[in-house]
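Here is the naming used below: chain letters follow the sequence lines, and residue numbers restart at 1 for every chain. As a basis for the values below, the full set of heavy atoms in this structure was taken, side chains included, without hydrogen atoms, waters or symmetry mates.
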There are 2 protein chains.
Amino acid sequence: MPDYTPPAPKSERILNAAEELFALHGFDGVTLRGIATAAGVDVALLNYHFGVKKKLFEVVFMRRAEILNEARLNALLEAEASSGGRPSLEQIVSAFLRPIQRFQLTGDEGWRNYLALVGWVNSSSVWGEEMMHKSFDPLVARFIEALKKNMPDADPQRIYWAYQFFSGALTLTLAQTGRIGRLSDGLCRESDVETVYDLMIPFVVAGFRKLCMEHPEGGA
Amino acid sequence: MPDYTPPAPKSERILNAAEELFALHGFDGVTLRGIATAAGVDVALLNYHFGVKKKLFEVVFMRRAEILNEARLNALLEAEASSGGRPSLEQIVSAFLRPIQRFQLTGDEGWRNYLALVGWVNSSSVWGEEMMHKSFDPLVARFIEALKKNMPDADPQRIYWAYQFFSGALTLTLAQTGRIGRLSDGLCRESDVETVYDLMIPFVVAGFRKLCMEHPEGGA
DNA sequence: GTCTATAACTGGATAGAC
DNA sequence: GTCTATCCAGTTATAGAC
């Protein structure tokens, strides 16, 4: 039987189960026993493959960060190449967001869980600084560079703050809390990945323009 | 000795300690023993005053929500009164944010902890929906109403989404993760409450305008 | 209201057999 | 690589004395 697909190796099943549970309940809200049960493996295997709990969390978090970083960097490089090195604000923001959307649109549950986890980590005062810095800040610095080049007259402080607001808007949406659905009485759904970025991009671009390209003493 | 200020009642010391620890570590990352130690009281007192752990969390979360809601509602009513019932977008967004800023500027550590806790809850898929809905959504609905009245031609879906981006930008800043400080190499500090809202308000207002007042088939 | 004492249980981690 | 068995520190929660 050559066309029999073997079950995923147990170490991978562990990572997938951990990803989902950490995204839902955070680091302390999840037990190794809970992960083992969800993965259908023995508890002792977690220790064998990944060592202590914190190490397992880091492996889960890093696994897809590298893939996402590469996709985003490629999108930025492409935008720069196709614009003769002068990408528009829309192109820069899109290069940051569209790769996320592409992963979500594959329907892969693993990516949905992972992105919710990123939303959780980004808002955690304990995990946020260290994990986001290690995994994403090198790439974010590259995007900030592109923004500075696009708006050379802008106060850098305003670019960082605008990025912070941008990051918050994104991560709350990734976190999948269901709140907008409840607030809008079902009119809007967080899972509506098709349209959310079509709205987020103009929202964010308008904010950047206002903060970084309009000077209070000058026009408007 | 009539001008001797007594120490805060133990039940209040418990709430203050719980507020700080929950804000830092979330619900599951905090133990009742840790709270009792931080408050300088016996563990059994937590149970005596507040019952089970979840109930204590809810009391902590509700305590200041009501104060904040009232301040925000008053700010909105004032904006409506002073504008003949037609507050500008800036006025509405300011009525939502400036009361938070006022509480932060008092320097009261309790408010800083509480607002970080709100940031954490808003991004939690377990706690976010229920707690935010119960504590804040009635007031938020009132603000959405004001936004709809200000932009009667806007697609309501776009108003809800813009609010979602707004809410994310705010809560990430409240969460006090220290990330923007690290990313900007110390150039920006989350604790710089004096200026952050002066930037957040125009950022958000520009986003609302773009999403809700410009029609793709029409101008710009 | 407050503290002592403890019940009843769950947590992470690992030694050692297969 | 995998599972059985177990250690034991730490957890919530409460009964009962003061």
**Fill in**
A:Asp42 CG to C:dT14 P, in whole Å, measures 15 Å
**Item:** CA sep, side-chain torsions, deciding dist, call: B:Gln104, B:Leu174, side chain to side chain contact (heavy atoms under 4.5 Å, CB included)
**Value:** CA-CA 10 Å; B:Gln104 289 175 323; B:Leu174 295 179; 3.7 Å; yes
**Prompt:** Do A:Trp161 and B:Phe203 have ring centroids that are under 6.0 Å from one another?
**Reply:** no
**Prompt:** Do B:Asp198 and B:Arg98 meet the salt-bridge criterion of a basic N to acidic O distance under 4.0 Å?
**Reply:** yes
**Item:** Interface with DNA chain C, restricted to residues 23-33 of chain A and to heavy atoms under 4.0 Å
**Value:** A:Val30, A:Thr31, A:Leu32, A:Arg33
**Prompt:** Rounded to the nearest Å, what distance is computed from the CD1 atom of residue A:Ile14 to the P atom of nucleotide C:dA13?
**Reply:** 14 Å
**Prompt:** Does B:Arg72 make a cation-pi contact with B:Phe96 (under 6.0 Å, within 45 degrees of the axis)?
**Reply:** yes
**Distance, rounded to the nearest Å, where B:Leu45 contributes CG and D:dC18 contributes C1'** = 14 Å
**Asked** Is it true that A:Glu19 and A:Arg64 have a side-chain N and a carboxylate O under 4.0 angstrom from each other?
**Response** yes
**Prompt:** 5'-most contact on DNA chain D: B:Val43 or A:Val43, nearest heavy atom basis?
**Reply:** A:Val43
**Asked** Do NZ/NE/NH1/NH2 and the carboxylate oxygens of A:Glu80 and A:Arg142 come within less than 4.0 Å?
**Response** yes
**Request:** Using whole Å, report how far CG of A:Leu46 lies from C1' of D:dG1.
**Result:** 14 Å
**Request:** Would you jot down, in residue-number order, the residues of residues 48-61 of chain B having a non-hydrogen atom under 4.0 Å from DNA chain C?
**Result:** B:Tyr48, B:His49
**Asked** Are A:Arg179 and B:Asp137 ion-paired here, with the side-chain N under 4.0 Å from a carboxylate O?
**Response** yes
**Message:** Just N and O in the side chain of A:Asn47: are any of them under 4.0 Å from OP1 or OP2 of C:dT14?
**Reply:** yes
**Request:** Please report the shortest heavy-atom distance between A:Tyr197 and A:Val193, naming the atom on each side.
**Result:** CD1-O, 3.8 Å
